[in-house]
Number of protein chains: 2
Amino acid sequence: MSEATTSQSTRIVLASRPEGAPTADNFRLETVDLPEVGDGQILLRVVYLSLDPYMRGRMSTAKSYAAHVELGDVMVAGTVGQVVESRYDGLEPGDYVLAGAGWQSHAVLDGSTVRKLDPQAAPISTAVGVLGMPGFTAYSGLLKIGQPKKGETVVVAAATGPVGSAVGQIAKLKGARAVGIAGGPEKCRALIDEFGFDAAIDHRDPNFADKLAEAVPDGIDVYFENVGGPVQEAVWPLLNTYARIPVCGLVAQYNGADLNRKDRLPGLFNSILTKSLTIRGFIQSEFVKEMYGDFLREASAWVRDGKLQYREDIVDGLENAPEAFIGMLEGKNFGKMLVRVAPE
Amino acid sequence: MSEATTSQSTRIVLASRPEGAPTADNFRLETVDLPEVGDGQILLRVVYLSLDPYMRGRMSTAKSYAAHVELGDVMVAGTVGQVVESRYDGLEPGDYVLAGAGWQSHAVLDGSTVRKLDPQAAPISTAVGVLGMPGFTAYSGLLKIGQPKKGETVVVAAATGPVGSAVGQIAKLKGARAVGIAGGPEKCRALIDEFGFDAAIDHRDPNFADKLAEAVPDGIDVYFENVGGPVQEAVWPLLNTYARIPVCGLVAQYNGADLNRKDRLPGLFNSILTKSLTIRGFIQSEFVKEMYGDFLREASAWVRDGKLQYREDIVDGLENAPEAFIGMLEGKNFGKMLVRVAPE
């Protein structure tokens, strides 16, 4: 692919809305002509495409915090790419940038919407991972809402993922005890060996709830909620008085939840009342203005010093994005899910 | 009854634990001999006995924030009384005090556990009402957790009660719009005429949910939760992004909730996530150290200046406390429920 003459983009659009779990049919690969690069704009070739659970919400029309993707529109995503052509002051061809280009190979974007990256400071892929939105979700939600204190117990699920792994490690850096939940023995081993969690529990274990209870002898002070479902249910009775529950995701119920069971809402509110719980939903964007500078400075240093480990699960080829995304919602990824659309 | 020679107490004890709504059979009136007044102690004659919804929780053994009442023990309550005999420095016979004497006519108490009242500053009954625990529940929960801003909409149920009426009026004093929910046209009229709410909705209205929606054209920013049940359900879809829900009580479900319906918990968490809601359970005691001084100073001035109105529903005679309590849980009271155990 000759970059200098690129005038087309290969992209994946939303072909139909999923009912329950997304399927390959919900996506369509197509090639479109790109517009001319106008004043203030750049032509970007996408290198890494970030796949994140929130995208499931964008595929549906249910009311949410962000607009849904229209049928026929390119799927949204954070991306890291390289400037091919620039009519924007401050960006040159060859520069690497963080951009919201979506699931496509190339894009013409306003230069003001991208952020230039320093490929010497950290691998460029981290800009959509540990040093990007997932890392900041962990940092802001844990520190602003979870507020772990020394010696407290922090529990997080999907713990080898980019949010969960950062939550556990930042909790440790702040002096708390970190208990991670993940699917399968390999991920649980990584929680201890790679990420330094104090305990790891396999949610596929038939005695999962008992194992979790054993792993938190002093109860749970912070439950960083990114999954919902059965993990949430096992956590609930273990919460301490004044426990904090930042809620950034509910991946276990994005494809639908079983509502044909006894109503648990009155019981939830009874716990909220009797334990003086704090439950707080959040989207990281709320805290960008207040905390993003601190995050970038602090997290970059932690990554550089080896105190904040990250793991990437990279799939090659834009055409493989739908399958990787569908698998991620089922927990098949092992680390931050990325699609390498083109070589660096 | 000759006070100086009183050596017995008439009291109401927990005879059996309720299943569902309490009945008269759960209580027993009895007379017991009082112990001698020891060093540092006082003999108190109870004047006002406060009846509050939290007492329903104390009748059950379900895990809660406070110990339950043992069978045969006197029912707990905040009381206002007069010192009959004192062996405690700083209290004299004739002094009025706030004490946790429970459902009884007389008690021997450590003088250090009571607080002397100034009957000139405010009617002594307010010490268990607008200037006591219910008032402080409203003040601390609304200001610390609800944090209403000028122009925002605050909704509270049981709004002619001691907590709800204070919530609405303090919200107004802070520049917010107050919408109250109460049962029946008489209470709704009082919300507007006595307490100065901006709108009042009757939860018995068959079109309650629609009426509530009409009354909050800009949505709900603070829902002060003290009832749960159908009111909570009507409030839910009307909450704005970043809405705050202090939870201090769930009187509609204290006697049991209907769990035989579809599970609403996943939907609740979806709302928490997509609207970045804050739900925070609390007991006013958490904030006493931090805020009680401010509360007493500020609320006393508001009461004195007529800016914070209160309404009392007084029943005469200790023997009538069970019936009054049972009725209160059904919303039959109209204002702060008190039992006048003896004349002032």
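The figures here come from the full heavy-atom set of this structure, side chains too, leaving out hydrogens, waters and symmetry mates. Quick caveat: nothing in here was measured; it's all calculated off a predicted structure. Here is the naming used below: chain letters follow the sequence lines, and residue numbers restart at 1 for every chain.
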Checklist entry - What heavy-atom pair brings A/Arg280 and B/Ser276 nearest, and what distance separates the two atoms? => result NH1-O, 3.6 Å

Checklist entry - Would a 4.5 Å heavy-atom cut-off, applied to side chains only, mark B/Phe269 and A/Leu268 as touching? => result yes

Checklist entry - Any side-chain heavy atom of B/Gln253 sitting closer than 4.5 Å to one from A/Asn270? => result yes

Next on the checklist: Using a 6.0 Å cut-off, check whether atom CD of B/Glu19 has over 12 heavy atoms from anything other than its own residue.
Outcome noted: no

Next on the checklist: Could you measure the distance from the OH atom of B/Tyr254 to the CG atom of A/Leu273? Nearest 0.5 Å is fine.
Outcome noted: 5.0 Å

Checklist entry - Side chain, backbone, both or neither: which part of A/Leu250 has an atom under 4.5 Å from a heavy atom of chain B? => result both

Item to check | Euclidean distance, B/Ile272 CD1 relative to A/Ile279 CD1, rounded to 0.5 Å | outcome: 5.0 Å

Item to check | Greatest number of heavy atom pairs closer than 4.5 Å to chain B - which of A/Asn260, A/Asp258, A/Leu259 | outcome: A/Leu259

Item to check | Side-chain heavy-atom pair B/Lys262, A/Asp263 within 4.5 angstrom cut-off | outcome: no

Checklist entry - Which one, A/Ile245, A/Val247, A/Ile145, A/Leu277, leads in non-hydrogen pairs under 4.5 Å with chain B? => result A/Leu277

Item to check | Most contacts with chain A, counted as non-hydrogen pairs under 4.5 angstrom, among B/Pro266, B/Ala257, B/Gly249 | outcome: B/Pro266

Item to check | Residues of residues 227-242 of chain B with any heavy atom under 4.5 Å of a heavy atom in chain A | outcome: B/Gln232, B/Trp236, B/Tyr242

Checklist entry - Does NZ in B/Lys332 sit with more than 12 non-hydrogen atoms of other residues, nucleotides or ligands closer than 6.0 Å? => result no

